[in-house]
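See below for the structure under consideration.
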Amino acid sequence: MSNKADRAQYDDFTFISRCQKGDAEAFGVLVERYQKKMFNIAYRMIGDYEEAGEVVQEAFLSAFRAIKKFRGESTFVTWMTSITLNHAKNRLKKIKVISHYEPVSLDEAFEAHDGAPRFDPPAREISALEQFQKKDLQEAVQEAINSLDEEFREALILRDIQELSYEEIGAILNIPDGTVKSRIFRARETLRERLKRNLGDL
Amino acid sequence: MECRDIQKNLSAYLEGLLSPEEKKIVDRHLPSCAKCSASFNELKRAKELLKKLDEVEPPPWLAAKIMARVRKEKEQRASFFKKLFFPLHIKVPVQALGVILVAVLALQIYRVVEPERRGIHAPSPLAEKKALKEETPEVAAKSAKAPSPYARQNAAGEKAPVMTRVAPEEKDKRGVLGGVSPNQTEPSGQQAYEIAPEDAEKTEALLAKKRMDLESKEPVPAAALKGQPAGANQQLMPLIIVSADDIAAAKGTVEDILKQLGGKEIEKITQGAIEIMIAELPSEKIKELSEKLKGLGDIKTEPRFSELPEGTFRVRIEITSK
């Protein structure tokens, strides 16, 4: 895995340095490589598909503008993730999706947005329903994520969704190792509670 | 071991971050504690749910849109720089022409002054500059105004540059020196000068410098300052500079040639290390003269004799050592 990562990093540098010399098209390669990952990070941070699209565009544009300052002290992904998260957080401040952040009452927990029951009665049903459930479940999880404070949210996303190491997370968020861990643990704890509230039995 | 303590460490436990001793404690606690077990399971499940979240596909146009903005950004940067450095993009050429024009005019005046002193050449790319020159309404208006006379007292023994009024004409390439010459030299040595007003400043500077140059040079016999003979062209004084090994010999040869060609009013002047001969000759003869002088050594002529107009001129030949 380390070999692959190294190679990828090296490849990135080729295009980065071309871009630094004025080759704008070289940047396109980096966009192709990382747009999906960045989009997912943005999406999980914001919880909104359209907004995520905007954020990613702006993040890449910022990266392009700042490309000459990129020294290669970190990998491109790390740098890019950092930029994306910053843009996402700025965006969040502007958006007020209040309804998602209000604590969900036990009654509400049982209802989906259209009024149908949020989860099945104890007896498991057929897979079609399970699919529905899955979708609902994912939405529920996202809602739970949305309820977290930003610094916990980002730590959790990077650890449990992107599966990055503590080191990398520390580099991206520019926080020490201990802080990374404590944020992740607290985030998970809060998520657990939220999910429990939203879904009943996990 | 309190449940609270256990609870706090469940995440670390889950991650395998506890020390072996701590791990053992939790291991032992969990089976016997429903609450903590439940918490642990929930934690585990939450982590799983996160992991199981589908990777979302970005919109298909996302990369393309990003690159479109990137390219636009690059373009904007490029055009911004252009605007920064060439804000008067359209006007610049006109200004440049104006400057060239002024420079040309000043140079022409300078050139007329020269022949009286040791050989500094006016550059011959003058012809090219004239080609660039355009008649602007501005300049035409100025030259139509009466020039401000600039009189300079000239004590005997000091060299006095002769200057003519500059009146540029559109089509005549050599026309800078054409036109009326109100300039008359007086026997007493006093001379009046007139300068085209738009050049006053520039030529003032030039003159100031020249005056300083002149001060340091040897006095010239009054004969050199004699006015141009009536018949000769008074504006143009063709100049030939000859570089010869043996100046004395060359001088003799030049004199012979001048006589041969029918040169009139031959003058001989010595200025330091330069021998000067002046004679009056018609233009065809002057051309011939320059051909003959080529045989003596390297020569330089000013202006190019192919462009010499018809008429009789006082030609000045300077002989210097190589």
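Sequence lines set the chain letters: A, B, ... in the order given, protein chains first and strands last, and positions in each chain run from 1. All values reported here derive from a predicted model rather than from experimental measurement.
Here the side chains of B/Arg45 and A/Arg192 are not in contact, with every heavy-atom distance at 4.5 Å or above. Between B/Leu17 and A/Tyr166 there is a side-chain heavy-atom pair separated by less than 4.5 Å. Looking at heavy atoms from C-beta onward, B/Ser11 lies out of side-chain contact with A/Glu189 at the 4.5 angstrom threshold. Taking the side chain as every heavy atom from C-beta outward, A/Tyr49 and B/Val56 approach each other to under 4.5 Å. Two residues are said to be in side-chain contact when any heavy atoms from C-beta on lie closer than 4.5 Å; A/Ile161 and B/Lys51 fail this criterion. Residues B/Leu50 and A/Ile145 meet the side-chain proximity criterion, which asks for heavy atoms closer than 4.5 Å.
The environment of B/Lys23 atom NZ is sparse: at most 12 non-hydrogen atoms of other residues, nucleotides or ligands sit within 6.0 angstrom. For B/Glu75, the CD atom is loosely surrounded, since the number of other residues' heavy atoms within 6.0 Å does not exceed 12. Atom CD of B/Glu73 has more than 12 neighbouring heavy atoms from other residues, nucleotides or ligands inside a 6.0 Å radius. Atom NZ of B/Lys44 is surrounded by 12 or fewer heavy atoms from other residues, nucleotides or ligands within 6.0 Å. Within a 6.0 Å sphere centred on CZ of A/Arg186, heavy atoms belonging to other residues, nucleotides or ligands number 12 at most.
If you measure heavy-atom distances from A/Glu163 to chain B, the contacts under 4.5 Å come from the side chain alone. Using a 4.5 Å cut-off between heavy atoms, A/Arg65 contacts chain B through both its backbone and its side chain. Contact annotation for A/Asn40: only side-chain heavy atoms (C-beta onward) come within less than 4.5 Å of a heavy atom of chain B. Contacts between A/Glu32 and chain B at a heavy-atom distance below 4.5 Å involve the side chain alone, from C-beta outward. With a 4.5 Å cut-off on non-hydrogen atoms, B/Arg69 touches chain A through its backbone and its side chain both. Of the two parts of A/Glu25, the backbone and the side chain both hold a non-hydrogen atom closer than 4.5 Å to a non-hydrogen atom of chain B. Contact of A/Tyr43 with chain B is made through the side chain alone, with heavy-atom distances under 4.5 Å. For B/Lys8, no part lies under 4.5 angstrom from a heavy atom of chain A. Contact annotation for A/Ile157: neither backbone nor side-chain heavy atoms come within less than 4.5 Å of a heavy atom of chain B. For a residue to count as touching a neighbouring chain, one of its non-hydrogen atoms must lie under 4.5 Å from one of that chain's; by this rule B/Ala38 does not touch chain A.
In plain terms, the two heavy atoms of A/Leu191 and B/Ala46 that are nearest each other are CD2-CB, 4.1 Å. Annotation for B/Pro58 and A/Gln35: closest pair CG-OE1, 4.1 Å, computed over non-hydrogen atoms. Considering every non-hydrogen atom in both B/Arg77 and A/Phe64, the closest pair reads NH2-CE2, 3.4 Å.
For the set A/Ala42, A/Gly53, A/Ala24, the count of heavy-atom pairs under 4.5 angstrom toward chain B peaks at A/Ala24. Options B/Leu14, B/Asp54, B/Leu62 differ in how many heavy-atom pairs under 4.5 Å they form with chain A, and the most are formed by B/Asp54.
Once rounded to the nearest 0.5 Å, the distance linking CG of B/Leu43 with CD of A/Glu193 reads 10.0 Å. From B/Lys65, atom NZ reaches atom CZ of A/Phe60 across 14.5 Å, with rounding to the nearest 0.5 Å. Here the straight-line distance linking atom CG of B/Leu10 with atom CZ of A/Arg188 works out to 11.0 Å at 0.5 Å rounding. If you take CD1 on B/Ile66 and CD on A/Gln57, they are separated by 6.0 Å, rounding to the nearest 0.5 Å.
Between B/Glu15 and A/Lys181 there is no salt bridge, since no side-chain N of the basic residue sits under 4.0 Å from a carboxylate O of the acidic one. One finds no salt bridge joining B/Glu55 and A/Arg44 here, because no Lys/Arg side-chain nitrogen approaches an Asp/Glu carboxylate oxygen to under 4.0 Å.
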